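Beneath this line is the structure, given in structure tokens, with notes to follow.
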Protein chains: 2
Amino acid sequence: MWWAGSAAPMIAPDRGRPLNAADTRQRILMTAMELFWEKGYLSTSVADILSRSQVHSGSLYHFFPGKQDVLVGVLELYRDGIDEMLLAPNWEGVDDPIDKIFALLAGYRTHLIVTDCTYGCPIGSLALEIHEPDPVVRDLMAANFTGWSTAIAGCFNAAADRLPKGADRKALGEFVLTVMEGAVMQARTYRDIGYFDRNIAVLRDYITTLMATAKDDSFA
Amino acid sequence: MWWAGSAAPMIAPDRGRPLNAADTRQRILMTAMELFWEKGYLSTSVADILSRSQVHSGSLYHFFPGKQDVLVGVLELYRDGIDEMLLAPNWEGVDDPIDKIFALLAGYRTHLIVTDCTYGCPIGSLALEIHEPDPVVRDLMAANFTGWSTAIAGCFNAAADRLPKGADRKALGEFVLTVMEGAVMQARTYRDIGYFDRNIAVLRDYITTLMATAKDDSFA
DNA sequence: AGATGAGTTGATTGAACATTCAACCAAGCG
DNA sequence: CGCTTGGTTGAATGTTCAATCAACTCATCT
């Protein structure tokens with residue numbers, strides 16, 4: 001407006017307290033992680049992040065060139081934290097590699113239960129939500145998928161002696177990711193955990209059959 | 001603005017030609033279907049729909065109370081058109097029920113190929129994109145999933161004699177949907193059809209194994 | 001002929017949006 | 001002490017968005 005110049009800064013009550021360095025950056029990323037998970041990337045406004053994290057817009061734009069760069073930060077956090085944040089908590093006290101696979105899936109089941117089947121895999125949601133992703137974003141989503149399915153493939157490798165000789169264990173890791181994502185998608189859409197459970201049951205049947213086949217092979 | 005009243009209608013060049021009734025409604029829905037598929041629901045603006053369909057905002061809001069009602073119309077179109085639009089084209093000349101399953105999956109593969117692995121299942125994308133869907137929208141997405149997996153379950157039913165006696169064929173239908181959605185999600189994220197193919201190969205292995213098991217059973 | 005109402009027009013509205021910026025602050029250093 | 005540097009503040013900006021509406025047209029019915 002033409003009168004904008006007259007609305008000069010007035011009191012400046014308690015500005016500028018750079019308390020502790022990259023604390024703000026971390027708070028922004030944690031808040032954004034929460035919000036992207038709850039509402040998705042597109043439905044989360046910068047104002048949402050600002051109000052929940054108690055950070056002011058200038059501070060956010062001091063650390064991140066734009067909203068997408070916040071997303072990049074969140075995806076890096078997921079990628080770098082897969083072991084401590086996802087695998088370790090679900091694999092506590094679980095030794096058998098095949099049990100580990102289903103323990104991880106049980107973790108997703110728990111998340112569905114406590115959120116009344118409303119939330120899902122944050123990476124999967126982002127992957128389908130953003131239709132024309134920036135290459136940086138797309139690569140990070142792919143890296144997250146790779147981290148996940150590689151971990152499962154590692155379980156299959158650790159149980160290689162119980163699987164058929166020619167089994168493509170990398171493909172099996174990708175398959176478990178596929179089933180998890182599809183099962184979560186259906187449970188979420190129907191708001192019914194039964195869809196998740198039945199899908200996992202079929203997967204379990206397949207892996208059981210696979211191991212039974214391997215046993216037969218060893219006799220042949 | 002205060003001067004708005006003075007900007008009165010001037011010439012009214014060629015207004016009001018209600019050419020052919022619900023033609024406009026159909027054009028809106030078809031355009032919206034395209035756009036939601038290409039860019040998703042949230043990233044498609046009403047203005048996008050208007051400009052591509054050559055319809056004016058007033059006309060759109062004459063037929064639909066709001067943007068979400070356009071989505072409802074599109075989802076109804078998908079639900080009601082699953083046979084003619086999806087199944088029939090993919091099952092032309094395919095008789096064997098198990099072949100039908102993989103013919104349908106091959107259809108999704110073709111779509112991925114011709115779009116350079118950028119597009120995916122329109123329902124799956126919507127399901128993960130809209131985090132807090134209106135019950136009407138959610139029910140319609142669920143109905144679309146049910147239509148899909150029921151069709152596959154029908155294939156398994158038609159091939160029931162080749163499957164193990166106790167096989168849960170409804171659950172198998174849901175499982176095939178799960179694998180399709182997960183496989184499309186990965187192919188799209190990696191921009192690599194290999195992720196789709198490997199997932200379908202594993203699914204084929206499972207179903208083959210299932211049928212082999214059934215054959216063994218009959219000897220027992 | 002006159003009235004009716006389904007359908008059309010596009011400028012307009014107000015909210016929400018991502019982003020900017022001039023002013024400001026405090027710690028550390030020379 | 002003065003100056004730089006990294007951080008903070010929040011009002012302002014310009015755009016985009018879904019939605020509105022008074023004015024208008026024309027086929028159909030009475």
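By convention in this document, chain letters (A, B, ...) are assigned in the order of the sequence lines, proteins followed by strands, and residues within each chain are numbered from 1. Note that the coordinates shown come from a computational prediction; the quantities given were computed from them, not determined experimentally.
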| said: Whether His62(B) contacts dT8(C) is assessed here as follows: a side-chain N or O lying under 4.0 Å from the phosphate OP1 or OP2. Is that the case? | reply: no
| message | Heavy atoms only, 4.0 Å cut-off, all strands: where does Thr44(A) land among base, sugar-phosphate and nothing? | response | sugar-phosphate
| request: Calculate the interatomic distance between Asp23(A) atom CG and dA26(C) atom P; express it in whole Å. | output: 18 Å
| note | Winner on side-chain proximity to Phe63(B), out of dG7(C), dT19(C), dG7(D), is dG7(C)
| said: Among residues 49-61 of chain A, which ones have heavy-atom contacts with DNA chain D below 4.0 Å? | reply: His56(A), Ser57(A), Gly58(A), Ser59(A)
| query | Rounded to the Å, how far apart are Leu42(B) CG and dA16(C) P? | reply | 17 Å
| query | If you look only at pairs with a residue in residues 106-121 of chain B, which of them pass as a salt bridge (charged side-chain N to carboxylate O under 4.0 Å, His left out), with sequence neighbours excluded? | reply | Arg109(B)-Asp197(B)
Less than 3.5 Å apart, which donor and acceptor atoms pair up between the side chains of residues 56-75 of chain A and the rest of the protein, not counting sequence neighbours?
residue	atom	partner	partner atom	Å
Lys67(A)	NZ	Tyr41(A)	O	3.0
Lys67(A)	NZ	Thr44(A)	O	2.8
Asp69(A)	OD2	Gly66(A)	N	3.1

| said: Rounding to an integer number of Å, can you tell me how far Asp48(B) CG sits from dA19(D) C1'? | reply: 16 Å
Which atom pairs, donor and acceptor, lie under 3.5 Å between side-chain atoms of residues 83-93 of chain B and protein residues at least two apart or in another chain?
residue	atom	partner	partner atom	Å
Asn90(B)	ND2	Leu86(B)	O	2.8
Trp91(B)	NE1	Lys100(B)	O	2.9

| note | Here the distance between atom C1' of dC17(C) and atom NZ of Lys39(A), to the nearest Å, is 12 Å
| Contacts of type salt bridge (charged side-chain N to carboxylate O under 4.0 Å, His left out), residue Asp139(A), not counting sequence neighbours | none
Residues 172-189 of chain B side chain polar contacts: donor-acceptor under 3.5 Å, at least two apart:
residue	atom	partner	partner atom	Å
Glu174(B)	OE1	Arg198(A)	NE	2.9
Glu174(B)	OE2	Arg198(A)	NH2	3.3
Glu174(B)	OE2	Lys170(B)	NZ	3.1
Thr178(B)	OG1	Gln186(A)	NE2	2.6
Thr178(B)	OG1	Asn199(A)	OD1	3.0
Thr178(B)	OG1	Asn199(A)	ND2	3.1
Thr178(B)	OG1	Glu174(B)	O	3.4
Gln186(B)	NE2	Glu174(A)	O	3.2
Gln186(B)	NE2	Thr178(A)	OG1	2.6
Arg188(B)	NH1	Thr118(B)	O	2.8
Arg188(B)	NH2	Ala127(A)	O	2.9
Thr189(B)	OG1	Met185(B)	O	2.7

| request: Could you check how far CZ of Arg25(A) sits from P of dT8(D), rounded to whole Å? | output: 13 Å
| field | Any donor-acceptor pair under 3.5 Å from Asp48(A) side chain to Ser45(A) backbone | value | yes
| remark: From CD1 of Ile28(B) across to P of dG7(C) the rounded distance in Å is 11 Å
